[in-house]
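Working notes, beginning with the structure itself.
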Amino acid sequence: MTTAIRAKGAAKTNVDKFLTLLRVLLIGAISVGLLAFIAQQIDPGNAFAKWTHDGQEANRLTGEQFKGLIVSGLSQGAMYGLIALGYSMVYGVLGFINFAHGEVFMVGAFTGFIMSNKFDEAGLWEGGAFIPTVLFTVLIATLIATGLAVLMERVAYRPLRGSPRLIPLITSIGVSFFIQNAVILLFGAGAKSYPPNPDWLQDDWILGIEGVKIVVIIVAAISMAGLWYFVERTKTGKAMRAVAEDKEIASLMGINVNRTIVTTFAVGGAMAGIGGMLWGLLFRSVIATTGFLPGIKAFTAAVVGGVGNLGGAMAGGVALGGAESLAPLTLLEPLGISGVSQLRDAVSFVLLILVLLIKPTGLFGERLSSDDRA
Amino acid sequence: MTATTVSNSGSANEPLSIDAVSKGAFDFDMRAALTSGLILALSLVFIALCGIPEGLNERLLIKPVLSLGYLSLLWLPLLFGWLSGNETVLEGMVATKKGARDIVRGLFVGLIGGLGLSLLTVLMDAFDLRDPLVNWSPATEEVLQFSRSIGFGVIAWPVLGAILGAFGAALHVMPEKIRKAVMAGLGTVLSFAIFATFIVDVADFLDDLLYARRGGLKWGWAIALFVIGAGASFLGGGRKISEMKSSYQAATGPAKRQQTTTLILLSLAALIIIPLITGKITQELFANIGIFLLLALGLNIVVGLAGILDLGYVAFFAVGGYTTAVLTSPNRGPDFEGFPTLPWWGALLVTIIIAGLVGLFIGAPVIRMRGDYLAIVTLGFGEIIRLLFLSDWLNGWFNGAQGITNVPPADFGFFSVKGTDPRSVFYLVLFFAAISIYVSWRLERSRLGRAWMAIREDESVAEAMGINTVNMKLMAFVVGAVLASFSGAIFAAKVGSIFPTSFLILVSVIILVVVIVGGMGNIMGIIVGSVVLIGVLGGPKQPGLLAEFSEYKLLIYGALLVVMMLKRPEGLVPNARRSRELHQDEFLQDAWLKGEVDTDDDMVDPSTGGEGTVAPA
């Protein structure tokens, strides 16, 4: 789909006016919410807070709560970022949204669940054996997720290369549906719990932050750094960037385009696998639908940061995680909306719409080949 | 056809192959056959581990030899055997003569597939993997062993696989007339066996005659039905139908018009009469098909005509349902206290207006976006709307998770439409479906419809031709929204209560599958898609004819979507223009081979250009 070329200063249509109004309204609502939040932090009994809360005083957020929100937003966002990398890379190279990428993440988390429980029965999920066991589990989860991503590319996407853009997108919806339901049928529909983490991982490490959250953030940062090195500094990474820029020219330069695309899927799948395992350690529960919403949110994160832009994907993930965790209590609650935690998922979609309305290329700009950008 | 052809133009006029070459019985690509056998084995093991054979084993098809559970495994070797004999013959290539070699290959493929199941049988006996794999159970094991012994299962599966694989491949070798007869016979038996509930519901007297007491055809009747089906085809029953079809397609001008009118009137009469003579199950089924048909027709306008992939289409269905429920039910949210309740048709008018406005509101921010961003954002809107209906924030209006109950029946004075009387629902749905079909049909040929199709094909070009793309795309959203709101309004009156859980993303995806499997942009295709998918497999929560499939239908929907996109993106009943778009390369290649220099794809082979012709396979 192309955004048709419009001359600058062309007459504004009603749709343009409506969109401007929408932008103003959204930004206005956010500003009012923020101001109301600041006001309620200073004086919970101020007039606006009383008005929005039917005469009651607003609940002031304590510093402890605020810190909790930021840390959980960060750790959640780190995982979104890891998944977003896969979306971003595939979008950069092939120009379509791989809807089923969220399922790769879920399968990673599921593999982690199966292995960790087996290890727990063998007594390897505690004490000195914990760290090597976890590392081994992460390795296997990553391998399986990678394998699934590569299989997906081979079976469903490769035959469709060069077909109209929406065709692979629709296919990927089917793939996502299929994997989700296959997992339900193979492993049962109920929620699966990871064995409890050792105490030292649940304890506060520094500044009263749980160890597992710190681990999640650090692992995500390391994976991200590794991926950045791979894409920007290795030969394969260079080939990937070349293929993203122009497949035909890349193949003329002697790059094996097929293999490069497979590598892209594999690397994206590996990141999702790590993300899935981290999800398991953090929330200790996984069901077959675990992948769907985080997958879509991760795509949102990729768009927020700028599709095709790896740093952007990570930053977008963190921004999205932060917004999702903070906005219900710092924007919506001061506006007097009740039951805000139910609207968490809505927040991320509104953020997506907002970014696409205000800066469609994302916060850090897109890196796409010219025909994908069209 | 003994070989699949990529080109459709070549098969009609000129012989494809220069010379058919025959080869020895074992002279085939062993590696390809091995790969295909291994894929078959993996698929069979996957199906077995998903618990499908075990879950469907209770449903007997032919007593006492075949249950639906076994059929869920056995159809695959047959298909793979058939596929192994398929080959792509391009123009100028030499087709090989079908013979013993193909049968041996099919046998080989089926054998390997069967060995996969044997291996699974042995492994199930030796290890216990029940912890992660829920279907690694004694029940599955029993099915795999044919309730006899492990040895029996280990030997029987490869034998069965080989026989079916060889039979599938043999279909290529048989003379066409016999092949058609065999297929018709099998088709008759299987339809009678699978659609038993429906047939008994329509014609009660057949129950004792054909079917055993605990389900399943009596085997004597199974053979009789096979003979009847095969005989009818052999004596030329099928030919008559295809002759009629081609004469209908060939007709032009007023003659065609007259025939079309007759056809429509006949089917309308049939649809009005059938529910009068059938039982509740069929009426309920028809009503469900109608509700989803309405949704699919709406989505067809958005996706099929305008080319906008809207993944949040369920939002409009939800808006329709909720608006009607809020306006008619006394049990709505407390904030509506004192607001009068309207009769159903009054509420419908308001619903249409609100749905149109929501269509505008959702459409406006997204229409400038890239197609794939648009898909995600509409999906987001669908989810936001569901979350809003569910939220405590708007609890005062929509009652959150408790939903709105006690939606009164739609009362028209002379007849009232309520869920307990599915026939009335069906007639209401039929009325609205007729309106929607008429509207879609007229729109397709109108200036608006042509503008949509131009946008679908190339937005920039469409804009350059003077089409106001923004307004046109908004119109698509609004029309789609209004059609979906009809469906929502009827749904509210039918079910009598509205909950947020009726409007999951799942619904959007299922409607999308219906549209795609049926054939995007083709009204006939949409009808076929709804009848086949919703009628047989069932909607998101509504059971279809194969009620036993409810656990597995989402898996099948997912698989169908992928297979259709890979093998036949234009759908079962394709829109001629769309299939040309999708197979542009092949059309151009055909034209080039035939020496037509003109590469304008509209000029290629005008004989295939008419609406409703079957696109190249």
Side-chain angles (χ1 to χ4, degrees), chain A residues 1-5 13 15 18-19 22 91 95-97 113-114 117-118 155-156 159-160 163-171 173-182 184-188 292-293 296 299-300 303 332 337-340 342-343 345-346 348-350 352-353 356-357 360 374, chain B residues 46 49-52 131-135 307 309 311 364-377 379-381 383-384 387-388 390-393 395 400 458-460 463 469-471 474 505 509 512-513 516 551-552 554-555 557-566 569 581-582:
Chain A
M1 290 283 145
T2 53
T3 353
I5 307 146
T13 61
V15 173
F18 175 78
L19 290 186
L22 205 62
Y91 199 98
F96 83 97
I97 303 172
F113 149 75
I114 292 168
N117 269 304
K118 291 284 169 207
V155 174
L160 293 174
S163 53
R165 315 173 58 102
L166 288 184
I167 302 259
L169 175 63
I170 296 174
T171 312
I173 297 172
V175 173
S176 156
F177 227 61
F178 181 81
I179 297 179
Q180 226 178 72
N181 288 290
I184 289 180
L185 288 177
L186 288 175
F187 302 107
F292 192 70
L293 267 187
I296 292 171
F299 175 73
T300 305
V303 174
L332 301 178
I337 293 170
S338 50
V340 285
Q342 294 168 327
L343 297 175
D345 295 337
S348 43
F349 290 122
V350 173
L352 173 66
I353 295 163
L356 286 176
L357 279 179
Chain B
F46 173 76
L49 287 180
C50 279
I52 299 178
D131 184 10
L133 294 163
V134 287
N135 290 308
L309 183 60
L311 291 183
V366 304
I367 41 175
R368 293 263 172 76
M369 291 173 188
R370 278 206 290 262
D372 35 15
Y373 281 17
L374 188 148
I376 299 279
V377 173
L379 189 141
F381 268 119
E383 197 60 3
I384 288 176
L387 289 171
L388 287 181
L390 182 66
S391 69
D392 287 346
W393 179 36
N395 202 0
D458 193 322
E459 201 170 336
S460 306
E463 184 149 23
T469 53
V470 170
N471 285 0
L474 267 183
I505 296 177
V509 176
L512 184 70
V513 181
I516 283 171
E551 251 178 275
Y552 316 110
L554 296 180
L555 185 80
Y557 272 121
L560 257 182
L561 196 54
V562 179
V563 171
M564 286 305 281
M565 279 291 124
L566 289 176
E581 267 165 57
L582 289 167

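Note that the structure is predicted; figures quoted are calculated from it, not measured.
Both the backbone and the side chain of A:Ile167 come within contact range of chain B, each with at least one heavy atom under 4.5 Å from a heavy atom of that chain. Looking at B:Leu560, neither its backbone nor its side chain comes within 4.5 Å of chain A, counting heavy atoms on both sides. Contacts of B:Leu512 with chain A are made by side-chain atoms alone, with heavy-atom separations under 4.5 Å and no backbone atom involved. With a 4.5 Å cut-off on non-hydrogen atoms, B:Ala364 touches chain A through its backbone and its side chain both. Interface residue B:Pro365: backbone and side-chain heavy atoms are both found under 4.5 Å from chain A.
To the nearest 0.5 Å, the span separating CD1 on A:Ile353 from CD1 on B:Ile376 amounts to 12.0 Å. Between the CG atom in B:Leu554 and the CZ atom in A:Phe178 there is a gap of 12.0 Å [rounded to 0.5 Å]. We find the CD1-CD distance between A:Ile184 and B:Glu551 to be 10.0 Å, quoted to the nearest 0.5 Å. To the nearest 0.5 Å, atom CD1 of residue B:Ile505 and atom CG of residue A:Leu293 are 6.0 Å apart. Taken to the nearest 0.5 Å, the CG atom of B:Leu133 stands 5.0 Å off from the CZ atom of A:Phe187.
The side-chain contact (heavy atoms from CB on, under 4.5 Å) test with B:Val562 singles out one residue from A:Ile170, A:Ile173, A:Thr171, and that residue is A:Thr171.
Shown here for A:Phe349 and B:Ile384, the closest heavy-atom pair between the two residues is CB-CD1, 3.7 Å. Residues A:Ala182 and B:Phe46 approach most closely at CB-CZ, 3.5 Å, considering heavy atoms.
A donor-acceptor pair shorter than 3.5 Å can be found between the side chains of B:Asp372 and A:Tyr91.
If you tally non-hydrogen atom pairs under 4.5 Å between each of B:Val563, B:Leu379, B:Val513 and chain A, the highest count goes to B:Leu379.
In this structure A:Phe96 satisfies the ring-ring contact (aromatic ring centres under 6.0 Å, His included) test together with A:Tyr157, sequence neighbours excluded.
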